[in-house]
Every structure is written in structure tokens, then in C-alpha cells.
Amino acid sequence: MESREIEIFLTLAEELHFGRTAERLLVSQARVSQTIGKLERRFGTALFERTSRRVALTPVGRRLRDDIGEAFGRIQEGIARATEAGRGVAGPLRVGFSGALQGDLVLSVQAALRVGHPECEVLLHEVPEGDPYGPLRSGTADLAIVRFPVDEPDLTAGPVLISDAVMLAVPARHRLARRAAVGEGDLVGESVLPAGSLQETLARVGAGHGVHPVPSQTAVYQARPTIAFVPFPEAPAAEFGAVWRTAADNARIRAFVAAATALVRTEGGPAQVCGACRADAGGPAPR
């Protein structure tokens with residue numbers, strides 16, 4: 001039996017009136033009659049006794065009602081819960097981030113989202129820089145703000161939300177430390193450190209082990225006297241955006257991404273940190 005056939009049968013078994021059944025299900029009375037006739041031909045027996053004055057279930061009809069009624073009700077409840085989970089915005093949304101600027105963005109979106117969807121609770125969750133997708137796959141985070149590009153078959157990436165100029169982190173006494181800017185040619189002969197965790201990389205730069213390109217937000221949020229941050233205009237911008245598991249897509253995720261997109265558009269484009277903030281962040285001022 002198809003879902004609609006079950007629905008028509010159970011409703012008629014409750015109403016015991018073809019007209020009221022049709023009105024309740026918003027179908028024609030002929031559709032109800034045709035469906036019941038089809039079922040009776042399939043089972044080879046009558047399900048209802050019909051007279052000009054009354055409609056009643058036959059013994060087979062009562063048994064069928066009892067056998068499938070409760071199970072069909074549970075199926076409908078399950079479908080309703082799944083639909084609510086996919087379409088409803090109410091409930092918690094765990095948003096992962098690793099950098100301070102990303103965290104600031106999440107807080108701004110949280111405030112904006114609260115205006116239109118106060119029933120959606122955004123919970124901040126710090127994710128490790130070395131494993132930004134792990135919390136998504138384990139279910140610890142529903143969505144994360146990570147560095148782009150993202151090329152993972154099980155993940156969906158949203159629009160760019162942060163576009164950050166790149167700077168070169170060098171030891172404070174390095175030959176490039178007081179340059180107004182550096183280019184690719186300035187890296188010849190330099191030890192460019194492989195990417196690791198941010199704190200580990202900065203510690204190695206500060207200790208004089210090499211240099212490393214970083215988003216300019218690092219100069220603002222991670223300033224320290226042992227490191228200078230020099231503008232690196234030739235490097236492509238560091239871009240960040242929202243990513244989530246494709247299979248876990250739901251209304252809360254879509255609402256957050258929509259609010260974040262609207263927020264950055266209102267501000268004129270993806271959030272940016274200006275490389276010129278280097279001096280304010282504690283690095284040596286250019287001369």
C-alpha cells in the first residue's frame with residue numbers, strides 16, 4: 001500500500017463517511033471511492049460495508065486498521081520530526097572557528113541572527129588549526145569558519161566571508177623586518193617554514209628559524225616583540241568562509257550562512273584586516 005492509500009483508508013475507517021473523508025483530506029469523494037475499491041480488489045475482499053445510510057468496517061477492515069494504524073502514526077511522527085530538523089531554525093548551532101578574527105565574525109553573525117531567529121542558539125566551538133574538518137565529521141561542530149579553498153567531497157563550502165591580506169612574519173632583527181613591503185624575490189635564500197599550528201610557527205619565527213606568510217589578522221591578534229610582520233602584497237589574499245557536512249545540511253546552517261553573507265555585504269564585502277595595521281599590532285613601523 002502506498003502512503004496516500006493508507007491515509008485514505010485510515011481516515012475513512014475513522015470518519016465512516018466518504019464525504020467527510022474527502023473534505024478532511026482535500027480530495028474528491030470519487031478519489032476516496034476509487035482508492036478503497038482499488039484496495040479491495042487487491043486484497044480480494046471488502047474492507048467496508050456500504051449502504052445508503054451507513055458505512056462500517058468489515059472484520060477484515062477492522063483487522064487491517066488495527067494492524068497498520070499505530071505503525072503509520074509512528075511513521076508520520078518520524079517524518080514530521082525529520083522535516084522539523086531539516087526546515088526548522090529553532091535549536092542549537094555549534095559553529096567552529098580557529099582564529100580570533102573568525103571568532104569575532106561568528107559573534108557578529110550570532111548577534112545578527114538573533115534578530116531574525118531568536119530561537120536559534122549559536123554556540124561557539126574552537127577547532128584545531130591542524131584539523132579544521134575533524135569536528136565537522138565527528139559531529140562536534142555543525143559548521144566551521146575555515147580557510148579556503150576547501151576540496152573535500154563530503155563537505156559543502158559557502159561564500160567567502162573574510163578576505164585577508166597576507167604578511168610575512170620574520171624575526172624582529174631580520175634584514176626584512178623594517179621593509180615597507182616584500183615580494184617573492186625577497187624570499188630567495190630564506191628558510192620558509194612549513195605550515196604547522198599557528199603558535200608553533202610563530203614560536204619558530206621568533207626564535208629565528210625562518211620566515212612564514214600569515215594572514216594579516218595574525219599581526220593584529222598575535223603581535224609579539226620577537227616578530228615583525230611585513231606586508232606581502234604579491235601573495236594571494238587569505239580567504240575564509242563557512243563549511244559544513246553536506247549530509248548534515250539544515251535550516252539552521254542555511255540561516256547562519258545567509259546572515260553572515262548579508263552582514264559582510266552590508267559592510268561592503270568580506271571582512272578584511274588591513275596590513276597597514278602592522279605598527280598598531282606591535283611590529284616595527286616601516287620607514
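- Follow the hydrophobic side-chain contacts under 4.5 Å out from L161 and you reach V257 in the same cluster.
- A heavy-atom distance below 4.5 Å is not found between the side chains of M1 and K38.
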Could you list the donor-acceptor pairs under 3.5 angstrom formed by side chains in residues 104-114, with sequence neighbours left out?
{"residue": "D104", "atom": "OD2", "partner": "Y221", "partner atom": "OH", "Å": "2.6"}
{"residue": "S108", "atom": "OG", "partner": "D104", "partner atom": "O", "Å": "3.1"}
{"residue": "Q110", "atom": "NE2", "partner": "V122", "partner atom": "O", "Å": "2.8"}

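- In this structure, H117 contributes its side chain and E119 its backbone to no donor-acceptor pair below 3.5 Å.
- Around atom CZ of R54, no more than 12 heavy atoms belonging to other residues, nucleotides or ligands sit under 6.0 Å away.
- When hydrophobic clusters are built by joining Ile, Leu, Val, Met, Phe, Trp and Tyr residues whose side-chain heavy atoms come closer than 4.5 Å, directly or via intermediates, V243 is not grouped with V127.
- You'll find the ring centres of F72 and F9 outside the 6.0 Å limit.
- Under 4.0 Å is where a charged nitrogen must lie from a carboxylate oxygen, and between R20 and E23 no such pair does.
- Nearest heavy-atom pair across P225 and A172 is O-CB, 3.4 Å.
- Taking each heavy atom of P171 and V211 in turn, the nearest pair found is CD-CG1, 4.2 Å.
- Checking side-chain atoms of E234 against main-chain N and O of G183 turns up no donor-acceptor pair under 3.5 Å.
- Heavy-atom contacts from other residues, nucleotides or ligands closer than 6.0 Å to CG of D67 number more than 12.
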* **Stepwise side-chain hydrogen bond (donor to acceptor under 3.5 Å, both in side chains) test for T246 and T156** => CA-CA 5 Å; T246 303; T156 297; 2.6 Å; yes
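- One hydrophobic cluster holds both F97 and L93 under the rule that ILVMFWY side chains link at heavy-atom gaps under 4.5 Å.
- Taking 4.5 Å as the limit, some side-chain heavy atom of F43 sits within range of a side-chain heavy atom of L64.
- Put simply, the side chain of F232 reaches to within 4.5 Å of the side chain of L187, judged on heavy atoms.
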